[in-house]
Number of protein chains: 2
Amino acid sequence: MSLPNALLALLVVEPMTGYDLHKQFESSVGHVWHAPDSQIYPALKRMEAEGLLEGEDIPWGPRGKKRQYHVTAAGRAAFRNWMNTPLEYARTRDPAHLKAAYLEWAEPDAARRQLRAHIEHHAGLLEQWRDTVREIEDGTSTMLNRRLAHTPDADQEKTRAYKLFTYEGLMSQAEAEIAWARRGLKLVDRLNP
Amino acid sequence: MSLPNALLALLVVEPMTGYDLHKQFESSVGHVWHAPDSQIYPALKRMEAEGLLEGEDIPWGPRGKKRQYHVTAAGRAAFRNWMNTPLEYARTRDPAHLKAAYLEWAEPDAARRQLRAHIEHHAGLLEQWRDTVREIEDGTSTMLNRRLAHTPDADQEKTRAYKLFTYEGLMSQAEAEIAWARRGLKLVDRLNP
DNA sequence: CGTCACTAACTATGTCGATAGGTAGTTATC
DNA sequence: GATAACTACCTATCGACATAGTTAGTGACG
């Protein structure tokens with residue numbers, strides 16, 4: 001359900017090819033929703049069949065061509081509709097906390113390694129997001145600027161503010177994970193003197 | 001990869017039937033890893049074929065029978081091995097933050113509704129986990145007590161401590177989500193005077 | 001004796017998603 | 001002009017998961 005809408009979110013800004021979208025999914029949107037190209041190409045076809053998108057072959061080099069998709073009125077309506085529809089929350093599936101619940105089965109050193117890996121993983125994300133926030137604030141985010149170029153002036157502040165809001169949320173998630181894993185390290189030390 | 005290990009985590013405590021496990025997945029383990037029975041029964045068969053489990057038919061009533069599974073030495077080793085192996089982190093797929101990033105497309109009231117739903121969802125979880133933590137601390141958690149009954153005295157404190165640690169982690173996740181969504185509500189108000 | 005909730009187990013279908021390939025054209029660079 | 005890196009697109013397979021059913025026995029209650 002989310003993938004078509006993630007694609008729409010990018011395509012309402014400007015027409016793109018599957019390959020362009022696949023690259024965006026490795027950066028910007030990929031921060032909150034990852035998808036491999038093997039999912040993107042079939043999804044675009046399905047969405048075209050459903051009338052959400054229209055594709056057009058445009059030449060690329062002397063012999064090559066590429067298929068560029070743009071959003072139809074129906075697609076725009078579907079996206080707006082999704083944005084106005086409340087989410088259904090999926091039940092939890094959290095391998096890190098699953099393992100944490102049975103950590104007495106791990107060697108103390110293995111437990112420490114995994115908690116440290118948890119910290120590093122989320123510290124990496126945190127750094128990435130801090131950079132993104134800085135770019136949004138500086139106005140040096142190419143992703144956001146492209147989007148703002150297609151946004152009426154009145155809505156520019158909203159667009160910027162919600163982007164910032166999203167990344168700040170991701171940052172507090174990461175911070176919570178890091179703080180938790182640090183407490184875990186102390187706990188492992190206390191239980192294995 | 002996680003489902004078989006979640007099943008092992010329960011079965012190393014005591015033998016159970018598929019139905020018992022399915023019930024556990026609606027409470028205890030289900031808090032961190034959800035699975036429907038349609039996944040559990042085939043998984044048990046596969047795990048028996050792989051030698052991780054052994055099943056035995058035990059009578060139930062005058063004509064009925066049920067299949068109870070216990071963990072083999074190989075299963076115990078596999079679980080311990082998994083517990084000692086670092087996690088591979090899957091890339092993010094977070095519909096709530098995906099939608100947040102494009103919230104300017106939603107009607108202000110729809111945005112507010114969704115942020116409130118986000119708060120309620122995580123407040124519900126928070127309450128549930130607070131109860132669980134209280135039960136663990138009080139010693140009234142049947143789940144934990146059953147597990148402790150099969151645990152050598154020396155490891156009882158670890159078992160209890162890691163359970164608490166896990167639920168405290170879930171609680172701080174939920175708290176972070178709630179705080180974030182509350183900031184979101186204020187933001188929607190500020191942007192839509 | 002009926003019926004209703006529960007225990008027990010399983011199947012079938014469809015989508016989602018990860019992983020791993022493959023083909024073909026283009027552009028840069030050495 | 002060779003070749004490497006990149007653009008563009010696509011397929012095939014496998015397991016994960018959701019959803020929705022089916023079948024059958026048990027035990028309690030009225």
Side-chain angles (χ1 to χ4, degrees), chain A residues 1-7 10-11 15-27 29-30 32-50 53 55-69 87-95 98, chain B residues 1-7 10-11 15-27 29-30 32-50 52-53 55-69 82 87-95 98:
Chain A
M1 201 70 267
S2 288
L3 176 59
N5 288 296
L7 293 169
L10 293 174
L11 288 171
M16 287 190 200
T17 67
Y19 189 76
D20 293 334
L21 287 161
H22 141 77
K23 275 187 299 178
Q24 296 284 306
F25 270 78
E26 300 206 321
S27 56
V29 216
V32 284
W33 197 270
H34 170 259
D37 62 340
S38 63
Q39 245 188 300
I40 292 173
Y41 287 110
L44 290 170
K45 283 194 171 176
R46 218 178 316 125
M47 290 165 76
E48 187 172 10
E50 288 165 2
L53 301 180
E56 117 191 70
D57 285 326
I58 63 175
W60 166 61
R63 267 176 308 167
K65 56 177 182 165
K66 55 185 180 175
R67 192 155 183 84
Q68 196 178 54
Y69 292 92
L87 255 186
E88 301 208 0
Y89 287 86
R91 267 177 287 182
T92 323
R93 208 163 259 129
D94 181 338
L98 171 60
Chain B
M1 200 70 272
S2 288
L3 177 59
N5 289 295
L7 292 169
L10 292 174
L11 288 171
M16 286 189 202
T17 68
Y19 189 75
D20 293 334
L21 288 161
H22 141 75
K23 275 186 300 178
Q24 297 284 306
F25 269 78
E26 299 206 320
S27 55
V29 216
V32 285
W33 196 268
H34 170 258
D37 62 340
S38 63
Q39 241 189 303
I40 293 173
Y41 287 111
L44 290 171
K45 284 194 168 174
R46 216 178 318 125
M47 290 165 76
E48 186 173 11
E50 287 165 2
L52 303 177
L53 301 181
E56 116 191 71
D57 283 326
I58 61 174
W60 166 62
R63 269 177 306 169
K65 56 177 183 166
K66 53 184 181 177
R67 193 157 184 82
Q68 196 177 55
Y69 293 92
W82 179 69
L87 256 186
E88 301 208 357
Y89 287 85
R91 267 176 285 182
T92 322
R93 206 163 262 127
D94 182 337
L98 171 60

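First the proteins, then the strands, lettered A, B, ... as listed; each starts at 1. Since the structure is predicted, the reported quantities are computational estimates derived from the model, not experimental observations.
At D/dC9, none of the side-chain N or O atoms of A/Tyr19 fall inside 4.0 Å of OP1 or OP2 (strictly under the cut-off). Under 4.0 angstrom from either OP1 or OP2 of D/dT7 there lies no side-chain N or O belonging to A/Thr17.
Between the CG atom of A/Leu44 and the C1' atom of D/dC9 there is a distance of 11 Å, given to the nearest Å. The interatomic distance linking A/Gln68 (CD) with D/dC9 (C1') rounds to 15 Å, in whole Å. Per the geometry, NE2 belonging to B/His22 stands 17 Å off P belonging to D/dC17, to the nearest Å. Straight-line distance from the CD1 atom of A/Ile40 to the P atom of D/dC9: 11 Å, rounded to whole Å. To the nearest angstrom, P of C/dT7 lies 15 Å from CD1 of B/Ile58. Rounded to whole Å, the distance from CD on B/Glu26 to P on D/dA18 is 12 Å. With rounding to whole Å, A/Lys66 atom NZ is found 10 Å from D/dT7 atom P. For the pair A/Leu21 CG and D/dC10 P, the interatomic distance rounds to 13 Å; values are reported in whole Å.
The shortest distance between side-chain heavy atoms of A/Gln39 and A/Pro36 falls below 4.5 Å. Looking at heavy atoms from C-beta onward, A/Asp20 lies out of side-chain contact with A/Tyr69 at the 4.5 angstrom threshold. Side-chain contact check for A/Leu44 versus A/Leu21: some heavy-atom pair is nearer than 4.5 Å.
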List the steps, then state whether side-chain contact (heavy atoms from CB on, under 4.5 Å) holds for A/Thr92 with B/His34.
CA-CA 6 Å; A/Thr92 323; B/His34 170 258; over 6 Å; no

Test side-chain contact (heavy atoms from CB on, under 4.5 Å) on B/Leu52 and B/Leu11; report intermediate values, then the result.
CA-CA 11 Å; B/Leu52 303 177; B/Leu11 288 171; over 6 Å; no

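The line from CZ of B/Arg67 to CG of B/Asp57 is 4.5 Å long, rounded to the nearest 0.5 Å. Taking CD1 of B/Ile40 as the start and NZ of B/Lys23 as the end, the distance is 12.0 Å to the nearest 0.5 Å.
Not a single donor-acceptor pair under 3.5 Å links the side chain of B/Asn5 to the backbone N or O of B/Ser2.
Candidate nucleotides D/dT11, D/dC9, C/dC10 were compared by shortest atom distance to the side chain of B/Tyr41, and C/dC10 ranks first.
Under the 6.0 Å cut-off for aromatic ring centres, A/His22 and A/Tyr19 qualify, their centroids lying closer than that.
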In B/S/- notation, 5' to 3', how is nucleotides 14-19 of chain C contacted by protein heavy atoms closer than 4.0 Å?
--SSSB

Would you mind building the protein contact string for nucleotides 23-30 of chain C? One character per nucleotide, 5' to 3', B for base within reach (heavy atoms under 4.0 Å), S for sugar-phosphate only, - for untouched.
--BS----

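Residue contacts shown for A/Asp57 are absent, as no nucleic acid heavy atom lies under 4.0 Å away.
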